[in-house]
Amino acid sequence: MRFSLDDDREALRATARDLLAELCPPAAVRAAWTQEPDPSAWHALADAGALAVLVPESEGGLGLDETYLVGVVEEAGRAALPHPLTATALVAAPLGVAGTTVTTDLGASSAIVPAATYAEAFLLRSDDGLRLYGADEVEIEPVETVDSSRHCARVHPRGAGELVTGDAAATEAAFERGVLGTAAELLGLSHRMLELTVGYAAQRHQFGKPIGSFQAVKHHLANARIQIEFAAPAVLYAAYAVAHGRGDASRAVSQAKWLAGNTASVMGRAALQCHGAIGYTTEHDLHLYLKRSWALARSWGGAGFHADRVAASIGL
Amino acid sequence: MRFSLDDDREALRATARDLLAELCPPAAVRAAWTQEPDPSAWHALADAGALAVLVPESEGGLGLDETYLVGVVEEAGRAALPHPLTATALVAAPLGVAGTTVTTDLGASSAIVPAATYAEAFLLRSDDGLRLYGADEVEIEPVETVDSSRHCARVHPRGAGELVTGDAAATEAAFERGVLGTAAELLGLSHRMLELTVGYAAQRHQFGKPIGSFQAVKHHLANARIQIEFAAPAVLYAAYAVAHGRGDASRAVSQAKWLAGNTASVMGRAALQCHGAIGYTTEHDLHLYLKRSWALARSWGGAGFHADRVAASIGL
Amino acid sequence: MDLNWSETQAAMRRDLRGWLERNLAEWRAEIGVELSGDTREGFAQQLRWERRLYEAGWSAVAWPEAYGGREGTLWDWLVFEEEYWRSGAPQRVTQNGIQILAPSLFEHGTQDQKDLLLPRIAAAEDLWCQGWSEPNAGSDLAGVSSRARRVSGGWVLDGQKTWTTRGAFCTHLFGLFRSDPDSERHRGLTYLLVPLDLDGVVVRGFSRLDGDEGFAEVFFTEAFLPDDAVGTSVVLGDVDRGWSVAVSAASTERGLLRSPGRYQATVAGLLDLWAERGGDAATRRRLAAAWMLVDAYRLQTLQTITALLDGVDLGSEASLAKVWWSELDIELHEIALELLGTDAELEGPWSKGHQFALAGPIYAGTNEVQRNIVAERVLGLPR
Amino acid sequence: MDLNWSETQAAMRRDLRGWLERNLAEWRAEIGVELSGDTREGFAQQLRWERRLYEAGWSAVAWPEAYGGREGTLWDWLVFEEEYWRSGAPQRVTQNGIQILAPSLFEHGTQDQKDLLLPRIAAAEDLWCQGWSEPNAGSDLAGVSSRARRVSGGWVLDGQKTWTTRGAFCTHLFGLFRSDPDSERHRGLTYLLVPLDLDGVVVRGFSRLDGDEGFAEVFFTEAFLPDDAVGTSVVLGDVDRGWSVAVSAASTERGLLRSPGRYQATVAGLLDLWAERGGDAATRRRLAAAWMLVDAYRLQTLQTITALLDGVDLGSEASLAKVWWSELDIELHEIALELLGTDAELEGPWSKGHQFALAGPIYAGTNEVQRNIVAERVLGLPR
């Protein structure tokens, strides 16, 4: 029994974290609000093998499992990376779709697909399973969403695409890997919002002292930190359960998403409240992370959806 | 348009408050935990006409409406009066049952009746409506409950009793008056717990200052005070709606109960937490009011029951 | 106790409802696509709306007729608010003038100030923004450092205000300036009325969370404010004693800034959304609960107005309502997003409303400050 | 990363499960009606239970065999806790000795103290209660004013301790006493080990919220404590330096006092209650949520134990878990009361458990204090 990321896994995460800190700073996320995201971080992730963690070595991948990838995806969340890492590396790659930027939304009521304006391939549910479409095989109907850096659209297939899998279990597993990735991104976003807010609360003075010295501010942030403390192991366990094909994998991803979504919600409220009016402007970076967390909290199934899945799994 | 208790109504409430402060102090409530409650407060309320507010003048009552009685019932809550004021004065009296100590529980799943060990009469649901039984016509099966001063029992009729009403609407109205009274008692209990806790927080010192000067304690109590602020008018409105036969009376009593129950729950948690270990003993008075509020919050329909009634009434 | 509207009030409600329906239709036909009042173009659209309201006598129902009102009571104001929000009419871009400055003018203004300024506020001719906040004076309003130096014939202003709602579109600013350079905290501040077209005043708009240019920074650099720059004295109340004037407004802002009518309209919208889309049993109960919270606010306001008309001072009790409506507004919008499911991510009235609601616990004094006020001044806990 | 129990651990679990089943049945047959361990008679019943545990080597699985344990790891302890609570066995009346005093003895005790005291704790021969709290030292532990005056051959104790759990039934008390009369706050306190049968010591039991005599006040009046009153030195750690000894225990108390197994057992009970009585859709979701919170605690504990075995100090992080399990326990019991409906009012295991849960945010350092610790020491916010 041993429950922590080992050195190899930590190293992969640290690589991702360092390159994202350099190539996906807040300014890059901000720029992605009005233009296609700068691809340098994405390319660097690809060069580091992060997109091919789940691709067999025989096909040029790293041939590793989800416990290696989950930390990388969490770091992408922390950076609010605009690119579709979960879809590409976690959902599509194990289905044999590699080497391309894939987007998908296999959510409970799939409607809005992120990264739709620049993805190279689209993985969509169809009557007979999951099909992959090239960018020229779909019609893109862009929509305005709360987080413009996601570049969302409604996507309508025009051609037949290519059947990736017709197996219901494989489709369900793909969905669950998407849920896992979204949970990890939410966890990363919470970490980032906590860092931003702790830093601000220590520096901002009101009534002659740092606002972080007021008990109300302390308790807002302590509550958020506590949520993070207990969501993090659930996300890691979900990755482990999926990687090892455990019987409770399906429940574990729902639990991870539910906890990480709640955590991001508590953290987001605390972050905005502790920043006050300064956080309530688009000039401040907080909103980049906050709005991403709002979008992801409802993607790949919201809190009620996943709570009900867990309820069913424990016999309620 | 005018929404406040006028002088007459305030006077009746003040009378009740004064006599309860004198005759139903914490020591009297405490004594009622181990023996039948001292009847002096009950007799004084009767002498003041409080039990007969809703009895016509022609029958020796005050011939007034629920807006006069609601403040009195709230004061009984504040004092944690052990006697069945809601049942006697608010539920039974308008049904023509006067001059006797009546108990009843017309709650959603009626099971446990308070004041059962000493009530003179029992108003119980039967297949054909509401029936009244003398103490010799029922079998009492005492039960131990969290608040022993309520003297609860399961009650099984032995005789036929006397039919008080066979009218479904009258039965429903009686139930709603019971809900109203319970809401008013809960509101009074919250007021009492707030007083106790504010007093304690101002006097108790830790870390070299009164604990009431810590923001965490302040915010616990501010939150409770805010709940009270918005529950109180809803309770008063429910009395008005019942008294004037308004179309929304049924919803208004459910709303009042829901709000007053939530308020007592928030207030109770805050009270216990701010008292710390001192409040966590039966030697301190707080528990007398706290446990009563637990009992009443689930009597006459709990939060979910009343929220669902309101949901139905607004078309959900 | 009487919870029936009078025949006069009922008649006013009917008139207003009809007027709103007709005039909203006409106005919308005039302007084409309706934009947010917190954008430059939308602000211009809404000024046309405000002038319609004024011409029909609806812009400030509770004011004396001489100032452009209709001599209404607070009850009439309440009816107005219910109908106004029910109709789907836009947010009032004149809000800061009518709801924050005007109550202070009524209480502390000279006859001249009232005669001259109030009608122009009601008519949306002068458009006032607030100048409370500064980079280092947010929750801590007494941290104001913008200076007003007395010179012959006027004042010289230096410093910066910020988070000035709609400041980029307004004509005037009211706010506190440190007039006694040796003073600290609440003392030595003067409440000044400042046209924004003075030399030495620069206004820079910036975006709120929802992307609208709803905020501004206002920079004062040796800006000369003549004593009669607003056509009458620019000082409201006494020199160096502006704090008490501002505080009286703060109480109004918290207590009556957001009428129950707004939330009644929001919850009605939620019931429509439910009818359209349905939801699960847990959300049904949550929506019923929110309905009760809104209705409790309505009922509490009826009590508050009764007390105000009895001459009771609103005072610190206003903080109770501020916490209630601001948290309620978030809950209402979170329910909406829940009902919208994945569509919640789409830009639209509900997602915009959600973002606006999130500002509620921050503006008009953070809810942390309000809870302190409740604890210290309402409950009497030690500081 | 390996989340499988070893064969040894699995075997221990099987053995323990069987042992518990047999021995609980035997013990219950012996005692008749099982009473609360926080009553005098119930305490006596449970001592018999504790001695059974000891004799089979289950009373302190993670201790060395020499002290009465079975040389287990923290993993073994976790398995023990899961099975223990799963079996429906009673609360441990030896808890304060095993979980609060013993870790401090391991860390700060002399060899003599360990050799002499630990086996007697494991065997439930010495029954220890805590002497942290005083009438004016609750959340503020440094407010201790009970005094220990050094005299020839021992100490003279004066003062009062209170909220001493099961103090009326215990044989010994550990706690802080002010040994330097000129000291303030954290300094000048000595951690003393005190038999309760000394002359000048009076113990008065009183009732907790749930009516059980679970608390005691302990009065010291010129009570002479010989240096070897416990058969070895009565001072744990250094004279005047007791604070650091107590603080190391506090962290243990918060972090590992309440194992996930307790809450896993509680939530299993809720699932049974649901199967028996059912409930509405909103409660179903609430119960699923609570299940997730319990399981998150289990997973977080696996991480914590991994870190502890890697030599990481638990430190302030223990405060995170204290807030989590204490609030979780209340939520679990509130769900139970919801499922019980009007029967929630009846005295019974769930209503008792509810009242006990409500103490969770108070004891072992209030949750307000824990949140301060998280903010200041984990997050580094300014004091």
Side-chain angles (χ1 to χ4, degrees), chain B residues 33 105 107-114 143-148 150 152 154 204-209 211 214-217 219-220 265 268-269 271-284 286-288 290-292 294-305 307-308 311, chain D residues 132-143 162-165 184-185 204 206-215 217 279-283 286 326-327 330 334 337-338 340-348 350-352 354-356 358-363 365-369 371-372:
Chain B
W33 268 63
D105 176 1
S109 75
S110 177
I112 295 166
V113 177
V143 291
E144 279 200 57
T145 66
V146 169
D147 175 3
S148 294
R150 295 206 340 129
C152 289
R154 297 191 197 274
R204 168 80 174 167
H205 281 61
Q206 287 283 272
F207 304 100
K209 39 186 181 172
I211 62 168
F214 290 100
Q215 216 174 15
V217 171
H219 289 195
H220 282 321
S265 166
R269 278 291 298 275
L272 192 56
Q273 190 64 21
C274 295
H275 275 84
I278 286 171
Y280 198 76
T281 74
T282 56
E283 299 200 342
H284 193 281
L286 176 63
H287 85 111
L288 304 171
L290 184 59
K291 289 175 179 166
R292 182 67 59 81
W294 293 343
L296 294 185
R298 291 174 196 284
S299 299
W300 298 84
F305 172 82
D308 286 345
Chain D
W132 300 142
S133 304
E134 298 187 359
N136 291 309
S139 292
D140 182 13
L141 185 52
T162 189
W163 302 307
T164 302
T165 300
E184 283 191 350
R185 313 283 310 150
R204 184 187 75 88
F206 62 105
S207 289
R208 288 193 316 221
L209 196 64
D210 60 8
D212 287 350
E213 193 189 351
F215 283 151
E217 293 175 303
D280 57 42
T283 310
R286 191 173 168 192
S326 59
E327 298 200 337
I330 293 174
E334 284 186 348
L337 298 188
E338 184 71 26
L340 288 169
T342 49
D343 286 351
E345 196 182 348
L346 294 173
E347 282 278 5
W350 288 110
S351 65
K352 280 274 211 182
H354 173 237
Q355 293 181 61
F356 185 72
L358 287 170
I362 298 170
Y363 63 72
T366 66
N367 284 10
E368 288 73 23
V369 168
R371 289 190 168 93
N372 288 349

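Below, read A as the first sequence line, B as the second, and so on, with proteins coming before strands; counting in each chain starts at 1.
The candidate with the highest count of non-hydrogen atom pairs below 4.5 Å against chain D, out of H205(B), K291(B), Q273(B), H287(B), is Q273(B). Comparing L358(D), T283(D), N367(D), D210(D) by heavy-atom pairs within less than 4.5 Å of chain B, the highest count is held by L358(D). Heavy-atom pairs under 4.5 Å with chain D were tallied for D308(B), V143(B), L272(B); the largest tally goes to L272(B).
Here OG1 of T145(B) is found 12.0 Å from CH2 of W294(B). Values are rounded to the nearest 0.5 Å.
Applying the 6.0 Å contact sphere to CD of E144(B) captures no more than 12 heavy atoms from other residues, nucleotides or ligands.
Heavy-atom distances place no part of L340(D) under 4.5 Å from chain B, backbone and side chain included. Neither the backbone nor the side chain of A142(D) has a heavy atom closer than 4.5 Å to any heavy atom of chain B. Contacts of I211(B) with chain D are absent, with no heavy-atom separation under 4.5 Å from either backbone or side chain. Looking at R185(D), only its side chain comes within 4.5 Å of chain B, counting heavy atoms on both sides. Of the two parts of A282(D), neither the backbone nor the side chain holds a non-hydrogen atom closer than 4.5 Å to a non-hydrogen atom of chain B. For H284(B), no part lies near chain D; criterion is any non-hydrogen pair under 4.5 Å.
The aromatic rings of F214(B) and F207(B) lie perpendicular to each other, with more than 60° between the two planes, well past the 30° mark.
With sequence neighbours left out, T165(D) forms a side chain to side chain contact (heavy atoms under 4.5 Å, CB included) with N96(D), F215(D). The side-chain hydrogen bond (donor to acceptor under 3.5 Å, both in side chains) test applied to E347(D) returns no partner, not counting sequence neighbours.
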